Amino acid sequence: MEKVLAKDLFTKEFKDGEEITIEGWIRTIRGSKKIGFIEVNDGSFLKNVQVVFSNDLEDFDEIKKFPISTTIEVTGELALTPGAQQPFEIHATAVKELGTSDSDYPLQKKAHTYEYLRTIAHLRPRTNTFYSIFKVRSLASFAIHEYLQHNGFSYIQTPIITSSDAEGAGEMFQVTTLDMNNVPKTDDGKVDYNEDFFKKETNLTVSGQLEVEAFALALRNVYTFGPTFRAENSHTGRHASEFWMIEPEMAFADMQDEINVSEELLKYVVQYVFDHAKEEIQFLNDNIDEHLIERLSNTVSEDFAQITYTKAIELLEEADVDFEVPVKWGLDLESEHERYLSEKVFGKPVFLTDYPKDFKAFYMRANDDGKTVAAADLLVPEIGELIGGSQREERLDVLEEKIKEFGLNSDEYKWYLELRKYGGTVHSGFGIGFERLVMYLTGMKNIRDVIAYPRTPGNAEF
Ligand code: 4AD
Ligand code: MG
């Protein structure tokens, strides 16, 4: 008996009457006196396989009572049904129980709220929505590696435990092995990290950028793609305490080069997901966001817009909208402003460049105007900021001054400064928030629903 996957049944040629076996989980089951129907999902494909069984089977009455999510193996004859809603069904000659399921299985056939599904994060991948999201997430991750590797970028795994603060924003989770009930102190009453595991203060990385910059100055085009952590107390649908970031970094590249690569990479990923997750994208369009396919198609076919921050402020000031937070040159944009620009003004992704230096990171290259830096953020509809990038400050003296200005401990950045001391050059890079990209690709509105086990302030379940 040939064991087959649903994916193959739906996408390859099979002969009518062929004897096959599938294994999977019962999604729905119903029966009358003589005949029963089971929809089985085997995990290989979004769609269920329809199984028909009749009272010819000895255990017909027991099968009919199988609760939803029972694991079964079905052997039977394939019946092609072209033109019907289901292109085929299996006429069962045997239905074997491989694993039982209790009748209180939480995912009965009714709509559940996302809030409720988050409380059963271990079971929600069994719904069509979360199945689709995590398929898309996996494919997007592959496409990113594929694009970058094909374009000569080397993958560098930067450390998760670091002693630097890459963003200089102080939003770090500390790593310590100290006995919290008995913390060693220095003479001036501070925690004595010399007594700790690493003999110094360490934290979970907020970004692998600084470490990967070192590799760009050796391997030219590089990237890191890994988990990052931020102890920011943001309670929004777009912030998580643990998220993944893709950070390409290129030597001999300026801000415009970095912008161009990020646009090409995004388009590649969207196209790849379109080509490899057709069923999932269609499902998400039909059930989650009716504009998803339209938005993604436009993303691939249209050039992104690009304006300066200063121009964006002008546009926002002209806008006939009462923003909750008023705009003013010199202040960072809120997500309402970012979304207004990408959704209402441009109707597509837009790069904003040359932000005021005061609220951007210390490593961004100072522009000649003395007020702005060569930073570029990509703002996209429905989400706001998806990418943060910049040209890096390659002038040693300017960078030293910046580190002082930001009140950072220059000892911790000694090695970073040496990248300028020994053969510095123009170089640039950007960071894509992977979860925000998955939100963009799926139409999901809350970052908690595109992460397998989300971590947010007050929540680290599972
Ligand atoms: O703008 P950010 O903070 O930039 C950096 O970390 C740079 N070191 C990147 C670089 O140039 N190599 O973060 C980059 C992106 C943001 O645009 C956003 O998409 C995402 O990371 N991001 C978050 N995603 C989820 N939850 C959070 N708390 C996030 N913070 C940033
Ligand atoms: Mg940013």
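Whatever order the structure lists them in is the order used to number ligands and atoms, beginning at 1. Keep in mind that this is a model prediction, so the values were computed, not measured.
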Using a 3.5 Å cut-off on N or O atoms only, is E247 in polar contact with ligand 1? yes
Given the ring of Y416, does R420 sit roughly above its face, with NZ or CZ under 6.0 Å from the centre of the six-membered ring and within 45° of the axis? yes
Should we count CG of D322 as having more than 12 external heavy atoms under 6.0 Å? no
Short N or O distance, S207 and ligand 1, threshold 3.5 Å exclusive: yes
Just to check, does A240 reach to within less than 4.0 Å of ligand 1 when the distance is taken from its heavy atoms? yes
Please check whether H239 reaches ligand 1 - meaning an N/O of the residue sits under 3.5 Å from an N/O of the ligand, judged on distance alone. no
At what distance is the nearest protein heavy atom to atom 20 (C) of ligand 1, and which residue and atom is it? G433 CA, 3.5 Å
Is it true that the NZ or CZ of K267 lies under 6.0 Å from the centre of F304's six-membered ring and within 45 degrees of the ring axis? yes
Shortest reach to atom 28 (N) of ligand 1 by a heavy atom, considering only E232, E435, Q209: E232
For K47, does the NZ atom have more than 12 heavy-atom neighbours from other residues, nucleotides or ligands under 6.0 Å away? no
Could you find the nearest protein heavy atom to atom 5 (C) of ligand 1 and give me its residue, atom name and distance? E167 OE2, 3.4 Å
Location of contacts on E171 toward ligand 1, heavy atoms closer than 4.0 Å: neither
Are more than 12 heavy atoms, taken from residues, nucleotides or ligands other than Y131, located less than 6.0 Å from that residue's OH atom? yes
State the atoms of ligand 1, each with its element, that fall below the 4.0 Å cut-off from a heavy-atom position in R392. 10 (C), 11 (O), 12 (N)
In the protein, which heavy atom is nearest to atom 18 (C) of ligand 1, and how far is it? R436 NH1, 3.5 Å
Within 45° of the ring axis of Y355 and under 6.0 Å from its six-membered ring centre, is that where the NZ or CZ of K360 lies? yes
Basic-acidic side-chain contact under 4.0 Å: E317, K328: no
Ligand 1 contact by K360, heavy-atom criterion under 4.0 angstrom: no
Taking atom types as modelled and ignoring hydrogens, do the side chains of Y413 and E400 form a donor-acceptor contact shorter than 3.5 angstrom? no
Which of the numbered atoms in ligand 1 are below 4.0 angstrom from a heavy atom of M245? 6 (O), 13 (O), 14 (C), 21 (O)
Looking just at side-chain N and O atoms, do D192 and T186 make a donor-acceptor pair shorter than 3.5 Å? no
N/O of L386 under 3.5 Å from N/O of ligand 1, yes or no? yes
Give the contacting part of I447 toward ligand 1: side chain, backbone, both or neither, where contact means a heavy-atom distance below 4.0 Å. side chain
Give the residue and atom name of whichever protein heavy atom lies nearest to atom 3 (O) of ligand 1, and the separation in Å to one decimal. R230 NH1, 2.8 Å
Who's closest to atom 29 (C) of ligand 1 heavy-atom-wise, of Y363, F243, W244, F430? F243
With a sphere of 6.0 Å drawn around CD of E115, does it hold more than 12 non-hydrogen atoms of other residues, nucleotides or ligands? yes
Between F462 and H122, how do the two ring planes meet: parallel, tilted or perpendicular, split at 30° and 60°? tilted
Would F229 count as a contact of ligand 1 if the rule is a heavy atom under 4.0 Å away? no
Minimum non-hydrogen distance to atom 25 (C) of ligand 1, winning option of Q391, R238, M364: R238
Before we go on, tell me: are the rings of F252 and H427 under 6.0 Å apart, centre to centre? no
Specify the protein heavy atom at minimum distance from atom 17 (O) of ligand 1: its residue, its atom name, and the distance to 0.1 Å. E385 OE2, 2.6 Å
Give a yes/no answer: is there an N/O/S atom of E385 under 2.8 Å from the Mg ion (ligand 2)? yes
